[in-house]
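Here the structure comes first, spelled out in structure tokens, and everything after it is commentary.
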Amino acid sequence: MRFIFLGPPGAGKGTQAKKLASDCQIPQISTGDILRAAVSNKTEMGLKAKFFMDKGKLVPDEVILGIIKDCLDEERCKDGYILDGFPRTINQAIELSSLLKEINSKIDAIFNFKVKDEIIINRLCGRRVCKDCGALYHVEYLKTAKENICDHCQGELYQRKDDTEEIVKKRLLVYHDLTSPLIEYYKKLSLLKEIEGEGDVREIYKEIKAFLEKN
Ligand code: AP5
């Protein structure tokens, strides 16, 4: 089971990918999470990536492709994975396709999460993340039992640096310009399943599961 989760920032890719990964016992490969870990560990790649991430821009393809190549070679990915937030440019998609051909593998389904820009701004400005386990919350829609404390691991919550209104608007411009053309690209390959991402989190998950059971 090899999936791609496509969609604008804040569309709910991470929220749904975490559930599906846990249900299917496959890893969630989030390029954003990998980059943030590199930033916090102050690695050479992290320092390079930070410059772009802080501005809401995409990190150069060669950095991202190196990350993906390394991940797909790992033992934990041999029975499947969810690519969350990759590919994000046509060039990344083309490179992924050649990489998969080389290792005689293929993607089984691509889920495209559709959410309007104004909803995204509200979601991302209110998003909070557990600094220990990465669980996702929202100050209005998904509150923790204790303020700022993760329900799962009691870790402290934080707000991502790129979740300010100014940067979210820049990320949305980048999405419309460079990432949204992937929708047509993957439609042509008949692999795309459109997901209405504005509904209830549990209902969206049911739709994903129902699709996978039928296909
Ligand atoms: P990344 O971390 O991938 O960020 P993103 O794509 O901008 O996506 P998000 O994580 O912000 O949103 P999401 O769709 O996962 O939504 P979530 O489930 O959290 O990338 C960050 C940066 O890294 C990029 O800007 C770029 O610089 C770089 N980068 C990463 N990958 C790259 C690549 N391939 N190429 C180049 N650069 C790359 O949900 C959001 C909020 O909404 C949460 O609070 C959640 O609780 C809430 N929510 C979720 N679903 C619902 C719902 N149905 N109803 C109400 N609220 C909901």
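Quick caveat: nothing in here was measured; it's all calculated off a predicted structure. Numbering of ligands and ligand atoms starts at 1, following listing order.
A donor-acceptor contact shorter than 3.5 Å is absent between the side chain of Gln159 and the backbone of Gly126. Looking only at distances, no side-chain donor or acceptor of Gln154 sits under 3.5 Å from a matching main-chain atom of Ile149.
To the nearest 0.5 Å, atom CG of residue Asp61 and atom CD of residue Gln92 are 4.5 Å apart. Between Lys146 atom NZ and Asp151 atom CG the span is 9.0 Å, to the nearest 0.5 Å.
Of all protein heavy atoms, the one lying nearest to atom 27 (O) of ligand 1 is Lys57 O, 2.6 Å. Protein heavy atom nearest atom 38 (C) of ligand 1, with residue, atom name and distance: Ile64 CD1, 3.9 Å. Ranking the protein heavy atoms by distance from atom 47 (C) of ligand 1 puts Arg123 CD, 4.1 Å first. In this structure, atom 53 (N) of ligand 1 lies nearest to the protein heavy atom Gly199 O, 2.8 Å. Atom 8 (O) of ligand 1 has Lys13 NZ, 3.3 Å as its closest protein atom, hydrogens excluded (heavy atom only).
Under the 4.0 angstrom criterion for non-hydrogen atoms, Arg36 is in contact with ligand 1. Ligand 1 lies out of reach of Ser30, whose nearest heavy atom is not under 4.0 Å from it. Heavy-atom distances between Ala17 and ligand 1 stay at or above 4.0 Å for every pair. Residue contacts with ligand 1 include Arg160, since one of its heavy atoms falls under 4.0 Å from the ligand. At least one heavy atom of Ala11 sits closer than 4.0 Å to an atom of ligand 1. Residue Gly10 places a heavy atom less than 4.0 Å from ligand 1.
When side chains are defined from C-beta on, Ile67 counts as touching Leu35, because their heavy atoms get closer than 4.5 Å. Between Phe211 and Ile195 the shortest side-chain heavy-atom distance does not fall below 4.5 Å.
Under 4.0 Å from ligand 1, not a single heavy atom of Asp61 appears. Heavy atoms of Phe113 found under 4.0 angstrom from ligand 1: none, in either backbone or side chain. Looking at Glu198 against ligand 1, nothing comes within 4.0 Å, counting heavy atoms. Both the backbone and the side chain of Val59 come within 4.0 Å of ligand 1, counting heavy atoms alone. For Leu124, every heavy-atom contact with ligand 1 shorter than 4.0 Å involves the side chain, none the backbone. The proximity of Gln92 to ligand 1, defined as any non-hydrogen pair under 4.0 Å, is limited to the side chain.
Atom CD of Glu118 has more than 12 heavy atoms from other residues, nucleotides or ligands within 6.0 Å.
Checking Tyr186 against Asn112 by side-chain atom types alone, no donor-acceptor pair falls below 3.5 Å.
Scanning Glu196, Arg171, Arg88 for the heavy atom closest to atom 6 (O) of ligand 1 points to Arg88.
Identified under the ring-ring contact (aromatic ring centres under 6.0 Å, His included) test for residues 160-185, with sequence neighbours left out: none.
Closest heavy-atom contact between Tyr158 and Arg36: OH-CD, 4.3 Å.
One hydrophobic cluster, built from ILVMFWY side chains closer than 4.5 Å, cannot hold both Phe113 and Leu191; they sit in different ones.
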